[in-house]
Amino acid sequence: MAPWPELGNAQPNPNQYLEGAESQQPIAPDKSKETDKNNTGAPVTKVELLPTYSTATLLEEATEVDDPWNLPALQDAGIKWSERDTKGKILCVFQGIGKLILLLGFLYFFVCSLDVLSSAFQLVGGKMAGQFFSNSSIMSNPLLGLVIGVLVTVLVQSSSTSTSIVVSMVASSLLTVQAAIPIVMGANIGTSITNTIVALMQAGDRSEFRRAFAGATVHDFFNWLSVLVLLPLEVATHYLEVITQLVVDSFHFKNGEDAPELLTVITKPFTKLIVQLDKKVISQIAMNDETVKNKSLIKIWCKTFTNKTQMNITVPSTADCTSPSLCWTEGIQTWTMKNVTYKENIAKCQHIFVDFHLPDVAVGVILLVISLVVLCGCLIMIVKILGSVLKGQVATVIKKTINTDFPFPFAWLTGYLAILVGAGMTFIVQSSSVFTSALTPLIGIGMITIERAYPLTLGSNIGTTTTAILAALASPGSSIKSSLQIALCHFFFNVSGILLWYPIPFTRLPIRMAKGLGNISAKYRWFAVFYLIVFFFLIPLTVFGLSLAGWPVLVGVGVPILLIVILVLCLRLLQSCCPRILPKILQNWNWLPLWMRSLKPWDAVVSKLAGCFQLPCCCCCRVCCRVCCLLCGGCKCCRCSRCCEDLEEGQEAHAVPVKAPETFDNITISTEAQGEVPAPDSKTECTAL
C-alpha cells in the first residue's frame, strides 16, 4: 500500500500558470496563436508566464498587525464647517453648546454617584472597618496593619475616612505613629479600587477596555510596587517616621481654620438630599466606645442643642461628692450637686432615609445598587458625548496638546509638568478617586495615552496628600502634631514612590505591567473581575487570617509561596533574555499542564458557566422575537426584527461551505479544512490497494 494515498493528486497543476493552457490537457498547437521564429527559423509559440504564487501566501494571509496601544483616529464623518450654510452653522453651534451642558451635567452626577457610593460602602462595612481598628494590640504587626488599611479603605471607599480614623487613634494615644504608617500605605492601595471599578464599565468594546483597564491599574501597580519596596525599608530604618518628626518639630503650628471645600461646595447640596452620615461613629467604634456600638450611621438630627446644668444626683457615699459643701444626706441616700450635660434635638435632617427606620446594611445595599446604576449610565453617556464631540481637527489638536512632549532638550520636563497638573486637579476636586475615575474614560476612548496618564496619576497621589495636610493644620491643638505627622508620612511615601518608579524610563514598570494586564483582560474579560477580587479582597483577607494565627503560621505559609513567585519571575526573565543558559526543558513552559500555563482552559470553564445562565434567557428572547415578528409582519421599525434577521443570517452563514485553496484541490484536504471527514472514494481505494 502506498503511503499517504490521499495526497497523490495534491500537486499543483503547472499548466494553470501558462496563458492559453487548459487544465489537465496537453498543450496543442493552435493556428490562431501568434507565432515567431527563432534563429534557426523554427516557429515558436509565444508564451507569457503569469506571476508566481506562494503556497504559504495562499494558506496564510499576510496581514499587518497594528499596535493595540496606538491611539485611534477620531475622524469626523459629518459635514465640514466650510460646507455648511448659515442655518447649519447656527444649528451646529447650538448642538455643541447642548452637548457641553449635557457633558457637564453627566459629569456632575458622575461625581455625586461616587460620593453616594462611598456612603453606601460605609453603611455596609463602616462598623466592621471600625472593629478592625478597635484591637490595637494586633497593630504592632506592620503586615497586618497594611492589609487592614487596604480592607478598611475598600470597605469605606475613601482613603480620607480611613486616614482620619488613624489620626484620631494616634491623637488619643491608642496607636503610635510607627504602627500607623503601614495602615496609611494600605489606604493608598485601597483607594485605587474606585477607578478600576469604573474601568469595568467599558468592557463592551475590547479596544476601549484594554486602554481603560490598563490606565486604571497603572495606579494599582504603582501603589503595590511602592509598598513592596518601602514597607520593608520603613520597618528596618523608620525613615518616614524620622523625617516627618523632624519636619513637625521644626515648625510651631497653630490651630487653623476649616479645610477648604472646593468641589464639595457644588456636590454636597445634592448628596445631602439623598443621605447624611455621622462619620464620628466609625471613629468612636475604633476607639472602643461602647455607647455607639448600636448607634446608626445615618444622621437623623442635624440641629441639636447641648447645655450644661447643675442637678442633684445620688452618690454611693460621701467620698463620691463633688465637694464636702455640696454633699448632704437624706435618710439612707447621699446627695450632691453635679454639672450634667444634656442634648436636646431641635430639627431633623432633610434627606430621603431620615424616616425610613431601616438597618444600615439595607440602606447601604439600596444606595450601592442605585449609585452603581447611575455611575454606569453617566459613564456611558460621557463616553458617547466625548466620542461625538472630540472628532476631526478638534480631536487632533487636543490629543497633540495632551500627549506631545516639549521640544528637545526639555522633553523630560513634560512628565513632571503632568505630575503638577494631576496634583493641582486632585486638589481642586479634593479626591484622587474622583480625578482618576474621570481620567479612565478619556484613556479608554483614546484621548490620553497610558504614558501620559501615568504621571497624571502620580500627581493625583500627591494632590490627595496636600488636602490631608491642610485638614491636619485645621485640627485641634491636642491632635495637630499627630495628624500632621500622619499626613506628612502619606506625602513622603508617595514622593518616595515617584522617585523609585518614574525618573528613569527603565524603572517605569507600572506602565508595562498595566499594559500586560490590559492585553489579558481584553482577551479574557472575566480576568478583570478575578484580578479585582483576588488583589483587593482574597490576598488581604488571607494575610489578615494568617497574621492573626501568629508569626510562625504566616512565615510557614508565606515564605514558600514567596519563594515560588520569585523563582517563576527569575525563570521568566531568563527565558526572555538569555534562554540558552537554561536546560532545554526550562526554555519554555510546555512541560507544565495546559491549565497551569494558559487561561484557555479556564476561559472555557467560565464560558460554560456563563452559558448556563445565558442559554435559557436567549432561547426565551428568541421565541418572543419570533412571535413578535409573526404578529407585526416583520416590520423594520420593530426592535425584534433585527434579532430575527441576525438569526437567519447566522443560519445562512453556517450553511455556506468553505472552499479550500485551488492549489490543494483535493477531496481529503478540502473536507479537513471544513472540519468534515472525507467520504471513501472508490478510485482512491483502488489506488491505495
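These numbers come from a predicted model, not from an experiment. Sequential numbering from 1 along the given sequence is applied to the chain's residues. Note that these values count all heavy atoms, side chains included, but never hydrogens, waters or copies made by symmetry.
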Legend entry - Pairs where residues 509-518 contributes a residue and the test side chain to side chain donor-acceptor pair (under 3.5 Å) is met, not counting sequence neighbours: E451-K515
Legend entry - Pairing residues for Q202 by the side-chain hydrogen bond (donor to acceptor under 3.5 Å, both in side chains) criterion, not counting sequence neighbours: none
Legend entry - Sequence-distant partners of L592, side chain to side chain contact (heavy atoms under 4.5 Å, CB included), two or more places apart: W589, M596, R597
Legend entry - Y239 vs L230 side-chain heavy atoms within contact, under 4.5 Å: yes
Inset, instruction - Identify, with sequence neighbours excluded, every residue that meets side-chain hydrogen bond (donor to acceptor under 3.5 Å, both in side chains) alongside E234. - result: none
Legend entry - Heavy-atom side-chain contact between P503 and Y416 under 4.5 Å: yes
Inset, instruction - Taking the side chain as every heavy atom from C-beta outward, state whether R452 and T414 have any atom pair closer than 4.5 Å. - result: yes
Side chains of residues 181-191: which donor-acceptor partners sit under 3.5 Å, not counting sequence neighbours?
unit_1 : atom_1 : unit_2 : atom_2 : d
N188   : OD1    : H490   : NE2    : 2.8
N188   : ND2    : N223   : OD1    : 3.0
N188   : ND2    : N494   : OD1    : 2.9
T191   : OG1    : S433   : OG     : 3.1

Inset, instruction - Taking the side chain as every heavy atom from C-beta outward, state whether Y531 and T196 have any atom pair closer than 4.5 Å. - result: yes
Legend entry - S521 side chain vs G518 backbone, donor-acceptor pair below 3.5 Å: no
Inset, instruction - List in chain and number order the residues that pass side chain to side chain contact (heavy atoms under 4.5 Å, CB included) with P601, two or more places apart in sequence or in another chain; answer none if no residue qualifies. - result: L594, W595, S598
Legend entry - Sub-4.5 Å side-chain heavy-atom contact between L123 and L277: yes
Inset, instruction - Taking the six-membered ring for Trp and the full ring for Phe, Tyr or His, determine whether the centres of F530 and Y524 are under 6.0 Å apart. - result: no
Inset, instruction - With sequence neighbours left out, write down each residue that passes side chain to side chain contact (heavy atoms under 4.5 Å, CB included) with L563, or none if nothing qualifies. - result: V559
Legend entry - Non-hydrogen side-chain atoms of Y502 and Y454 separated by less than 4.5 Å: yes
Inset, instruction - Answer whether the closest heavy-atom distance between the side chains of F222 and S192 falls below 4.5 Å. - result: no
Legend entry - Summary of salt bridge (Lys or Arg N to Asp or Glu O under 4.0 Å) pairs that have at least one residue in residues 197-209, sequence neighbours excluded: none
May I have the list of side-chain donor-acceptor pairs in residues 532-548 shorter than 3.5 Å, sequence neighbours left out?
unit_1 : atom_1 : unit_2 : atom_2 : d
T542   : OG1    : L538   : O      : 2.7
S547   : OG     : V543   : O      : 2.7

Show me the donor-acceptor pairs within less than 3.5 Å that the side chains of residues 371-381 make with the rest of the protein, sequence neighbours left out.
unit_1 : atom_1 : unit_2 : atom_2 : d
S371   : OG     : L367   : O      : 2.8
S371   : OG     : L368   : O      : 3.0

Legend entry - Spacing of CD1 belonging to I197 relative to CG belonging to L117, to within rounding of 0.5 Å: 6.5 Å
Inset, instruction - Not counting sequence neighbours, which residues clear side chain to side chain contact (heavy atoms under 4.5 Å, CB included) with A514? List them please. - result: A214, T217, V218, F221
Legend entry - T457: partners by side-chain hydrogen bond (donor to acceptor under 3.5 Å, both in side chains), with sequence neighbours left out: none
Inset, instruction - Evaluate the side-chain proximity of W602 to F527: yes if any heavy-atom separation is below 4.5 Å, no if none is. - result: no
